[in-house]
Amino acid sequence: MIRLIFTLSSALLIVCNTFGQRQLFHSHNDYEQELPFYQAYAQQAASIEADIYSTDRSDELLVAHNKEDLDEAPTLEEAYIDPIVSLFRLNKGKAWRDSDKWFVLLVDLKTPVDPTLDILIRKLQRYPEVFDPNVNPLAVRVVISGNRPPADTFKDYPYIISFDGDRMDYTPQQLERIPMISLNFRSFSQWKGEGEIAEGELKKLNELIAQAHALDKPIRFWGSPDSPEAWSLFLQMGIDYINTDFPEACAAFLNYTIFQENTTIP
C-alpha cells in the first residue's frame with residue numbers, strides 16, 4: 001500500500017494545496033532517505049531531522065545515525081545547510097516560492113553539547129536571513145534535540161536556535177524557548193499500528209496531547225507505528241507532527257485524507 005501511495009504523492013500534494021491546508025509531519029532520520037532533505041522538502045514537510053556528530057576536526061559536524069557510519073557521512077553543510085541556503089536564495093527569502101510557511105530543522109545532537117552546539121550555532125549565524133526568525137519571519141526554525149543543555153540555561157542561547165521539549169513541567173520562561181514537545185510513544189503504548197489500540201493507552205496519549213496543547217505547544221511522538229492505519233489514528237487524535245520514515249507516502253495519505261474531508265460527492 002505504501003508503494004501505491006508513493007506514486008500518487010505529487011498529484012495529491014497539488015490537490016491538497018488547492019484547499020490551502022497542510023497536515024504536519026516529521027521526516028524522522030531524514031538523512032537515511034535516498035535523497036536526504038529533498039524528498040521531505042518536496043512534500044513540504046513541517047519538520048526534518050538530522051543527527052549530528054562533532055569530530056576531532058575543528059568546526060566539523062557530520063550527519064549520521066551511528067558512529068560507525070561517520071567515515072562515509074556527509075557534513076551538515078553538504079546534507080542540509082547548503083541546500084537550504086540555496087533554496088532560500090532561489091525563493092527570495094523563503095522555503096517555498098508559492099508558500100509563506102516555514103519548517104523545522106530538528107537537529108539531534110549525538111555528541112556532547114560542548115562543543116557540538118557552539119559549532120552548530122556558528123554555522124547557522126553565517127546565514128541569519130535563513131535561520132534567524134528575528135531577521136526573517138519565514139526562517140527555518142532550528143530545534144535542538146538529543147543532547148541538550150539544562151533547561152534553566154535555554155535563555156542563555158541565541159534565538160537562532162530553540163529546544164525540543166521532552167516533558168511537560170517546564171517553567172514559563174523555559175517554555176518560551178521550546179516550540180514543540182517530543183515524547184517516546186513506547187513509554188505510553190505498545191500498539192503496533194494494526195488493530196485497535198488499548199483503551200487505557202489511547203486515553204493516556206490523549207491526555208498528553210491535551211497537556212501539550214494547554215501549554216500552546218504542538219506534540220510529536222517518536223518511536224510510533226509508521227503505517228497508514230497509524231497515520232489515520234494519529235490524525236484523528238490531533239497529534240501535530242506525525243512521525244514517519246516514509247515522507248512521500250505519509251504526505252500523500254494525509255493530503256488525500258484532507259482532500260476527502262473537504263470534498264462532497266454530489
Side-chain angles (χ1 to χ4, degrees), residues 5 9 13 16-17 21-33 36-37 39-51 80 84 95-96 99 101-109 133 138-146 148 161-168 170 175 177-189 191 193 197 202 204-258:
I5 295 173
S9 61
L13 179 62
C16 179
N17 283 344
Q21 292 186 311
R22 175 198 187 204
Q23 172 58 39
L24 306 184
F25 71 92
H26 169 80
S27 183
H28 176 250
N29 289 347
D30 181 81
Y31 47 87
E32 294 190 331
Q33 297 294 329
F37 174 68
Q39 285 177 249
Y41 171 82
Q43 305 303 320
Q44 294 197 8
S47 179
I48 298 174
E49 180 178 342
D51 292 0
Y80 291 96
I84 291 171
W96 296 282
S99 173
K101 300 181 178 73
W102 47 264
F103 68 89
V104 168
L105 180 63
L106 187 77
V107 181
D108 191 328
L109 273 58
L138 301 181
V140 175
R141 270 53 167 184
V142 179
V143 179
I144 306 304
S145 187
R148 280 154 286 191
I161 62 167
S162 53
F163 300 92
D164 190 21
D166 60 0
R167 60 182 196 271
M168 301 293 181
Y170 293 100
L175 283 170
R177 302 301 306 274
I178 297 172
M180 60 194 293
I181 304 288
S182 298
L183 302 176
N184 183 358
F185 184 86
R186 293 298 168 204
S187 295
F188 311 103
S189 173
W191 186 56
I197 186 172
L202 180 61
K204 181 58 179 177
L205 292 169
N206 280 325
E207 288 174 351
L208 292 166
I209 294 168
Q211 289 177 41
H213 290 173
L215 296 173
D216 198 26
K217 303 298 177 184
I219 191 167
R220 174 179 73 96
F221 288 96
W222 54 272
S224 57
D226 198 7
S227 66
E229 188 170 353
W231 302 334
S232 179
L233 176 63
F234 297 157
L235 184 61
Q236 295 172 38
M237 292 170 64
I239 293 176
D240 303 284
Y241 289 91
I242 293 179
N243 200 73
T244 184
D245 291 332
F246 308 101
E248 294 97 342
C250 185
F253 179 88
L254 297 173
N255 292 335
Y256 181 62
T257 301
I258 293 172

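Numbers for residues simply follow the sequence, beginning at 1.
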Discussion item. Going by side chain to side chain contact (heavy atoms under 4.5 Å, CB included), L233 matches just one of I239, I197, I242. Which one?
Written reply: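 Of I239, I197, I242, side chain to side chain contact (heavy atoms under 4.5 Å, CB included) with L233 is met by I197 alone.
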Would you check if the side chain of [X] reaches a backbone N or O of [Y] as a donor-acceptor pair within less than 3.5 Å?
X    : Y    : result
Y41  : A95  : yes
W231 : A251 : no
K217 : M168 : no
R148 : D164 : yes
S232 : P228 : no
D30  : F37  : yes

Do you know the tightest heavy-atom contact between [X] and [Y]?
X    : Y    : answer
G146 : D108 : CA-OD1, 3.1 Å
W191 : E229 : CH2-O, 4.2 Å
A40  : P247 : CA-CB, 4.1 Å
S47  : H26  : OG-ND1, 2.7 Å
L24  : L254 : O-CD1, 4.5 Å

Looking at [atom1] of [X] and [atom2] of [Y], how far apart are the two atoms once the value is rounded to the nearest 0.5 Å?
X    : Y    : atom1 : atom2 : value
S187 : L208 : OG    : CG    : 10.0 Å
I178 : I144 : CD1   : CD1   : 12.5 Å
F253 : T244 : CZ    : OG1   : 11.0 Å
N184 : D166 : CG    : CG    : 11.0 Å
W96  : K101 : CH2   : NZ    : 8.5 Å
D226 : F246 : CG    : CZ    : 5.5 Å

Counterpart residues, side chain to side chain donor-acceptor pair (under 3.5 Å), relative to [X] (two or more places apart):
X    : result
N206 : none
D245 : H28
S99  : none

Who are the ring-ring contact (aromatic ring centres under 6.0 Å, His included) partners of [X], not counting sequence neighbours?
X    : value
F163 : F154, Y157
Y80  : none
F185 : F234

Worksheet item: Can you name the salt bridge (Lys or Arg N to Asp or Glu O under 4.0 Å) partners of R177, sequence neighbours left out?
Response: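 With sequence neighbours excluded, R177 shows a salt bridge (Lys or Arg N to Asp or Glu O under 4.0 Å) to no residue whatsoever.
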Worksheet item: Excluding sequence neighbours, so at least two apart, what forms side chain to side chain contact (heavy atoms under 4.5 Å, CB included) with A139?
Response: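 Applying side chain to side chain contact (heavy atoms under 4.5 Å, CB included) to A139 gives N136.
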Item to complete: Determine whether P179 and V143 make a side-chain contact, defined as any pair of heavy atoms from C-beta on separated by less than 4.5 Å.
Response: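 The answer is yes, as the side chains (C-beta and beyond) meet within the 4.5 Å cut-off.
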Would you be so kind as to tabulate the donor-acceptor pairs closer than 3.5 Å made by side chains of residues 218-225, with sequence neighbours excluded?
{"residue": "R220", "atom": "NE", "partner": "S182", "partner atom": "OG", "Å": "3.2"}
{"residue": "R220", "atom": "NH1", "partner": "N243", "partner atom": "OD1", "Å": "2.7"}
{"residue": "R220", "atom": "NH2", "partner": "S182", "partner atom": "OG", "Å": "3.3"}
{"residue": "S224", "atom": "OG", "partner": "F221", "partner atom": "O", "Å": "3.2"}

Worksheet entry | Listed once per pair and sorted, the salt bridge (charged side-chain N to carboxylate O under 4.0 Å, His left out) pairs that draw on residues 39-51, sequence neighbours left out |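 Residue pairs with at least one partner in residues 39-51: D51-K110.
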Discussion item. Could you go through Y170 and L215, starting from their C-alpha distance and side-chain angles, then the distance that decides it, and tell me whether this counts as side chain to side chain contact (heavy atoms under 4.5 Å, CB included)?
Written reply: CA-CA 10 Å; Y170 293 100; L215 296 173; over 6 Å; no
